[in-house]
Structures are given as structure tokens and as C-alpha cells.
Number of protein chains: 2
Amino acid sequence: MPSTTKAKSTSAEEIIAQLTDAVHEHRLKPGAKLREDEVSDVFGVSRTVVRQALRALAFEGLLTIEKNRGAFVSKPSLKEAHEVFQARALLEPSTARAAAERTTAGDIDLLERHIQEEHEALDRGQPGLALKLSGDFHLEIARVADQRTIEQFLKQLVSRSSLVIALYWRRRNALCESNAHHALVDALRKHDGTAAEDLMKGHLLDIYSQLDLREFEEGTTSLKEALRK
Amino acid sequence: MPSTTKAKSTSAEEIIAQLTDAVHEHRLKPGAKLREDEVSDVFGVSRTVVRQALRALAFEGLLTIEKNRGAFVSKPSLKEAHEVFQARALLEPSTARAAAERTTAGDIDLLERHIQEEHEALDRGQPGLALKLSGDFHLEIARVADQRTIEQFLKQLVSRSSLVIALYWRRRNALCESNAHHALVDALRKHDGTAAEDLMKGHLLDIYSQLDLREFEEGTTSLKEALRK
DNA sequence: CAGGCAATAATTGTATACAATATTTAATGA
DNA sequence: TCATTAAATATTGTATACAATTATTGCCTG
């Protein structure tokens, strides 16, 4: 957290990390604009490096850059939302199976600590942080599977999922999924690939089914725009 | 093709497209260095926009940027090579199935024209161009399936496949796969999703099995480095 | 007072200048 | 002659200045 006026001399990776966290934790909401010199003031670097960071984030799908207009937190359409979870359904179950065959005791520890932190964040009343940690859990499984390429894609998909959840989540209260993650770790511990694959498949369907992905907002993005004509 | 000394005023997208083609057609080989002011001379723009293009290509995996050293055409390791085809095996068969259910007459025309061009390139003695077109064929199927997200990932995977082929291709002569593509189009025409899925799976295995992915170069990249100590 | 139009301001896009780092070349000594 | 070191050169990293574009404001007109 930058204190008063300007923090100084941060690297591009640091900017990327902080903006990513902010979006994942829904402190920056879909549609929010990121002005270049505003960001460069906050981080105490020139626009050059800020632009680098913004473009990297745009490539991941977290931001959308409109020429001569600026960078905005992406607002995935309903179609994109579906596509994200279809892609996850293709990649993650198989990856969970592969992970089960390679899981070490250290991996189990790490994953359980992850779940622990997730619970603590929820108890502390930080649902945004919990959501971010939940996403990291999925990435961790790809790491355990030793699939860097898939992990990289998954990173993008998890990012976009966070945006989808911000836009289309049905009930804000739901504490959901913590069970699913626990069950997954159990399957990994037992090196039960089939169970891990099935659990992951079910878990993704669970999240997917808790989204409100009906047709209603294609084109009407904000109140302002909705009233414009 | 820039003629003599300097072409002028090209956009970043144009640079990305031309460099991508050059790598896909193996005119730029893995390990080749791309100096920034060299590229900016060729395209007649400042380093600013060249750097944008290089970073975008690095994000796709086509280039690797080493800090303070520059941008090089990527040289995927054996592990990466395996990962690329594992990821393709997860994404492409299902996508081919989805495509079969949505294929239109126009799509068929386009795909057949694609195969035609591929043959012509081979006959004309341009195997690099044929390879590039072959990659585009796979992307086209994702487009037919109306899966933009998967298409985007596949674009990266096809790019990396091109690098893998440049590095690990067994016999240079092989005219291979044209049959496989034809069979796939037939399945799409009949809306036979199961056949399309199976054909794609087999096709990918075919390519994969024609690679020479044994352990021999992990770590020893060049003769020079091998002898250095 | 609404709607359009022009002038102004704000913001992004591009080029260039300078700083930091890496690579090459030259020089020195054993 | 070879290795080591130092200077010179070349290349990338960052900041800043300027150009192009977009957004905003105020004004004029109907």
C-alpha cells in the first residue's frame, strides 16, 4: 500500500503483481480505467515502464487496451465467460490427474497451508483475498503436475474467471468450495488420479453453475450507457 | 520484403505479423538474435514500437527476452516440446468435435482452399510456407468451433510447435500430413464430431511421433559453451 | 434551454536523449 | 603465447519531450 503521495522506484513485475492482486481481489472492478500517469505517480516510475506492465496485463486478458483511449479492467462478455470455463474444463481435470501421480509430501503441505489461508481470509472478512487464494490453489495443482505450459494458460483462465465472478456471481454470501479443495488434496495425497480428475471436473461445474450467465447485458454495460438513448 | 535500406512507417501489428511469419517459415531460426535498432531500421519506426512488438512476441512464446541482453527466437527445451503437444492433445480433439457440429459450407471451402495452398507451397519448394499454412489450418478449426479463447491458446501452441519442429524434426523430406487434413475436412463436412475428434487425436500423435525428442541437448546448447570449461 | 460547434484541456502514441549494462577489443604482464 | 584486466564500443533500459488523438468545457445559435 503506497502511503501518501508517491512511492518510488518499483519494477514492472512489481506493478504487474500489484495490479493483478488488486483485480483478483476485486478492489479494481471490471470497467475501471487505469490512466498511465496516475499509475506512474503511484509507483514512482515513468510511463514507459507502466505501459509495459499494462500491455502485459492486457495480454493476459486482465486489461483491455483501446487505442488512444486507455487501459480498462476487462469486462468479459457472456460468451467469453462460457469459453473460459469450457477451456478450464478441458485443461484442469487431466492436469489434476497428472498431478496426483507426482504429488509429494511437500506439495500436500503447501496446498493445505493454502486452504488454511483461504479460510482465514474468509473469517477475517476478506472475501476478495479468499477468492484470489482460491485461484492460486488451482495454479498450484498445475505446478504440481509439472506442466508449465498449461499452468501459464491456466493463469490467464483463472484471471479471467475472477473477472467473470465479479460480473456474474449470483449470491455474494456463498462460502462454497472449500470442501472441494480439501477433497482434491485428499485425492492427491492418495495418488488417486481418477478421483482427482473427477473431483476437479465436478468442482469446475459447481462454480460454473453458481454463475448467472443468462442473456441480459450484451451491449448495455453501464447505467449511463443504458440511459443514453 | 523491404527492398534496399529502409522501409518506413509500419505499425506494431505489422511488425508482429512479419516477424511471426518469418519464424513460422523458419527464415528466422531458434536462437537468432533480434537487435532492436536493427529491426527499427528495417521497419522504419522507432525502438519504442519495436520493443512493443518484441514483447508481444515474447508473450506468445515465439521470442525469449533476456534482461539487458536482448530478444532471441525461442529454443524450446525437450520438456517444453512435450508440454506443447500434451496441451494440444487436451485442447484440439474436443475442439475439432465442437467444430464438426457448427461447420458451414463456407468453412469447408475455406479449409479446402487452405489445403490447396499448402500443396502448392510444397510443390513450389517452399516447405516453410507449407508448414505455416498447416499451422493456420489448425487455428481455422478452432475458429469454426467458435472458441476464441481456445483459439488464442492454440495460436501460441502452434507457434511453439513451429519452433519445436525446427529443432527436433527427424527427416526434412517428409510431405506427411496432407492426408490427415483432408480426412478432417471430410469429417467436418459430415458433421461427424466423433470422427473429427479421433482424427485430430491421431493427427497430433502422428506429428508428435515424427519428432526426435530424446535426451541429448539439455544444458549443452552450443559447441562453444560445451567446450568453455 | 437544448443542441451543436469551437476552443481548451487531458490523455495516449511515438521518437529521442540519456543511463545502465553487457560485449568486444586492446593492452599489459607473467 | 595465454590469461587477465581495462578501456572502448555496442546494446538494452528508462525517462522525458513532443505529436496525435480524444475528452471536456464554454459559447453561440436556434
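Checking the phosphate oxygens (OP1, OP2) of C:dT11, a side-chain nitrogen or oxygen of A:R35 falls inside 4.0 Å. Between D:dT14 and A:T48, no contact under 4.0 Å exists linking OP1 or OP2 to a side-chain N or O.
Between A:D37 atom CG and C:dA9 atom P the separation is 17 Å, expressed in whole Å. Following rounding to the nearest Å, A:E66 (CD) and D:dT22 (P) show an atom-to-atom distance of 11 Å. Taking atom CG of A:N68 as the reference point, atom P of D:dT21 lies 7 Å away to the nearest angstrom. We find that CD of A:E13 is positioned 11 Å from P of D:dG13, with the value rounded to whole Å. Rounded to whole Å, the distance from CG on B:D41 to P on D:dT12 is 12 Å. Put simply, NZ on A:K33 is 6 Å from C1' on C:dT11, counting in whole angstrom units. When rounded to the nearest whole Å, the span between CZ of A:R51 and C1' of C:dT12 equals 6 Å. Atom CG in A:L34 sits roughly 10 Å away from atom P in C:dT12 (whole-Å rounding).
By the 4.0 Å N-to-carboxylate-O rule, B:D109 lies too far from B:R113 to be salt-bridged with it. A salt bridge is absent between A:E83 and B:R148: the closest approach of a Lys/Arg side-chain nitrogen to an acidic carboxylate oxygen does not fall below 4.0 angstrom.
Here the side chain of A:S74 pairs no donor or acceptor atom with the backbone of A:P76 at under 3.5 angstrom.
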Derivation of the side-chain contact (heavy atoms from CB on, under 4.5 Å) call for A:L90 and A:Q86: CA-CA 6 Å; A:L90 289 185; A:Q86 282 166 1; 6.0 Å; no
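Counting any heavy atom pair closer than 4.0 Å across all strands shown, A:Q52 reaches sugar-phosphate atoms only and no base atom.
Sequence order on DNA chain D of the closest nucleotides to A:K67 and A:A12 puts A:A12 first from the 5' end.
Judged by atom type and distance alone, A:R69 does not reach the base of C:dG13 through any side-chain donor-acceptor pair under 3.5 Å.
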